[in-house]
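Below you'll find the structure, written out as structure tokens, and then a few comments.
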Amino acid sequence: MAVTPLLSRLVDGLRCLPGVGPKSAQRMAYHLLERDRESARRLAAILALAADKIGHCKSCRTLSETDICPLCASGSRDRTQLCVVEMPADVEAIEQSGSYRGLYFVLMGHLSPLDGVGPEDIGLDQLKERCRAEEVREVILATNPTVEGEATAHYISEQVKDHGIRVTRIAHGVPLGGELEYVDGDTLSHAFSGRREW
Amino acid sequence: MIAPCAAWDTAMKTERVELHPAYILHHHPYRNSSRLLEVFSRDYGRFGMIARGVSSKRSRLQGRLQPFRPLLLSWHSRGELATMRTAEPDGAPPVLSGAALMSGFYLNELLLRLTGRHVPYPRLFRNYHRTLNRLGERRAGQDALRLFECHLLQELGYGMTLDHEVEHGRPIQPEAHYCYHIERGPVELATGEPANGVQLAGSSLLALASGQFPDQQSRKDALRLMRTVLAFYLGSKPLRSRELFRSLKGVNRGTTL
């Protein structure tokens with residue numbers, strides 16, 4: 001079957017999704033057109049709406065269609081704790097664990113000295129402003145345990161300490177249910193240096 | 001007609017390297033679960049390498065493929081970009097945090113900016129390894145950076161003259177004053193003479209040459225000199241790691257890039 005221009009544009013359009021190559025894009029296009037046109041219309045409408053309406057929360061910078069996201073607006077959160085993460089997906093992960101009741105600040109990236117990503121690109125002025133203006137007593141650094149994440153955590157801690165705020169970093173260690181034998185050496189050495197009284 | 005074919009054949013020949021000492025200088029995500037690495041290896045110099053599938057949840061290499069970790073890499077290459085096969089840790093990584101971590105980024109940026117791709121620098125590789133360990137031990141990080149800068153220039157063929165003045169070849173006198181001219185060397189400074197170079201004491205030149213800095217003045221002089229000389233070779237584009245370091249007030253205790 002000859003591919004019509006519109007169909008090939010649809011296939012090309014679907015390829016913008018992560019992990020979708022030409023073959024999967026074609027499969028998705030055929031599926032939507034042959035079997036599920038109703039879902040295709042719904043998807044198109046919601047994509048258009050989301051692309052127009054979803055912006056960033058003015059308080060924590062996560063994705064949100066309201067000026068202040070529901071989490072920041074909620075009255076039941078502990079406003080003295082502020083957890084700094086790299087991406088909105090990290091907020092989701094922490095929320096699902098159900099272990100944290102404070103507020104968040106989403107950097108939307110990390111410092112990358114060699115790529116020229118500096119403090120202003122990840123909203124650190126806004127973070128400092130929040131620490132100054134609000135009742136934050138503890139900043140929890142939950143950036144990724146990569147060298148860039150560590151550099152970002154260090155940078156933030158130096159900036160925030162001046163405000164007399166307690167700065168903590170999430171612990172690195174052995175995953176639950178894992179076996180020591182299969183844990184990599186660096187994680188094990190972190191787990192040892194961060195051991196606690198029992 | 002044979003020669004061009006033979007040359008093409010050699011260039012396109014697949015090269016396989018097993019467990020070779022290397023560091024990752026820089027890395028970028030690539031496609032879904034792969035990473036593009038800029039590798040600095042002992043005998044093959046700096047080059048690009050693709051590591052497929054290492055960012056996926058199941059990959060055990062994810063945490064291992066980080067800058068500043070000594071690695072043993074296996075790869076095969078055909079043309080410009082190599083493909084990683086395995087990565088093993090090569091000893092314990094230096095514990096870099098805070099200012100030492102920023103200094104590490106600075107070293108990597110210097111190597112990325114100044115070394116050529118596919119040029120082997122085995123001595124520089126060993127010096128980089130030593131410098132990272134010194135940074136990790138948190139002793140005299142600033143001195144370690146100055147010595148690395150000096151050694152880097154030497155390996156690149158821009159070695160500095162630090163033990164004698166270049167006009168008459170006389171040894172440097174600690175108490176005399178000199179003016180360092182880039183690409184030439186130190187010239188003794190007569191009093192009142194205008195000088196268009198870096199002015200510093202002979203003792204500071206000797207300190208940089210020996211790697212032993214007796215006081216803060218010699219450290220300051222060495223920093224000023226190395227900054228000017230490096231700026232000459234780096235051109236007008238500023239070092240981003242240095243800019244970041246400067247914008248971070250508070251950690252500037254003891255270390256200066």
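Values below: all heavy atoms of this structure, side chains included; hydrogens, waters and symmetry mates excluded. Labels below follow one simple rule: chain letters A, B, ... track the order of the sequence lines, proteins then strands, and each chain is numbered from 1.
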*Is a donor on one side and an acceptor on the other found under 3.5 Å between the side chain of B:Q66 and the backbone of A:T146?*
no

_Counting heavy-atom pairs closer than 4.5 Å to chain A, which one of B:H26, B:R69, B:R64, B:E243 comes out on top?_
B:H26

*Considering only heavy atoms and a distance below 4.5 Å, find which of B:R113, B:R31, B:H27 pairs most often with chain A.*
B:H27

Contact origin within [X] toward chain A - heavy atom pairs under 4.5 Å:
X: B:P67; answer: both
X: B:E109; answer: both
X: B:L112; answer: side chain

*In terms of heavy-atom pairs under 4.5 Å with chain B, which of A:P145, A:A151, A:S112 leads?*
A:A151

*asked:* Heavy-atom pairs under 4.5 Å with chain B: which of A:V147, A:T187, A:L111 has the most?
replied: A:V147

Atom [atom1] of [X] and atom [atom2] of [Y]: how far apart are they, to the nearest 0.5 Å?
X: B:R240; Y: A:L114; atom1: CZ; atom2: CG; answer: 8.5 Å
X: A:H154; Y: B:L96; atom1: NE2; atom2: CG; answer: 11.5 Å
X: A:E150; Y: B:M102; atom1: CD; atom2: CE; answer: 11.0 Å

Counting heavy atoms not belonging to [X], are there more than 12 under 6.0 Å from its [atom1]?
X: A:R79; atom1: CZ; result: yes
X: A:L6; atom1: CG; result: no
X: B:Y158; atom1: OH; result: no
X: A:R137; atom1: CZ; result: no
X: B:R117; atom1: CZ; result: yes
X: B:R52; atom1: CZ; result: no

_For B:L244 against A:P119, the heavy-atom pair lying closest together_ = CD1-CD, 3.5 Å

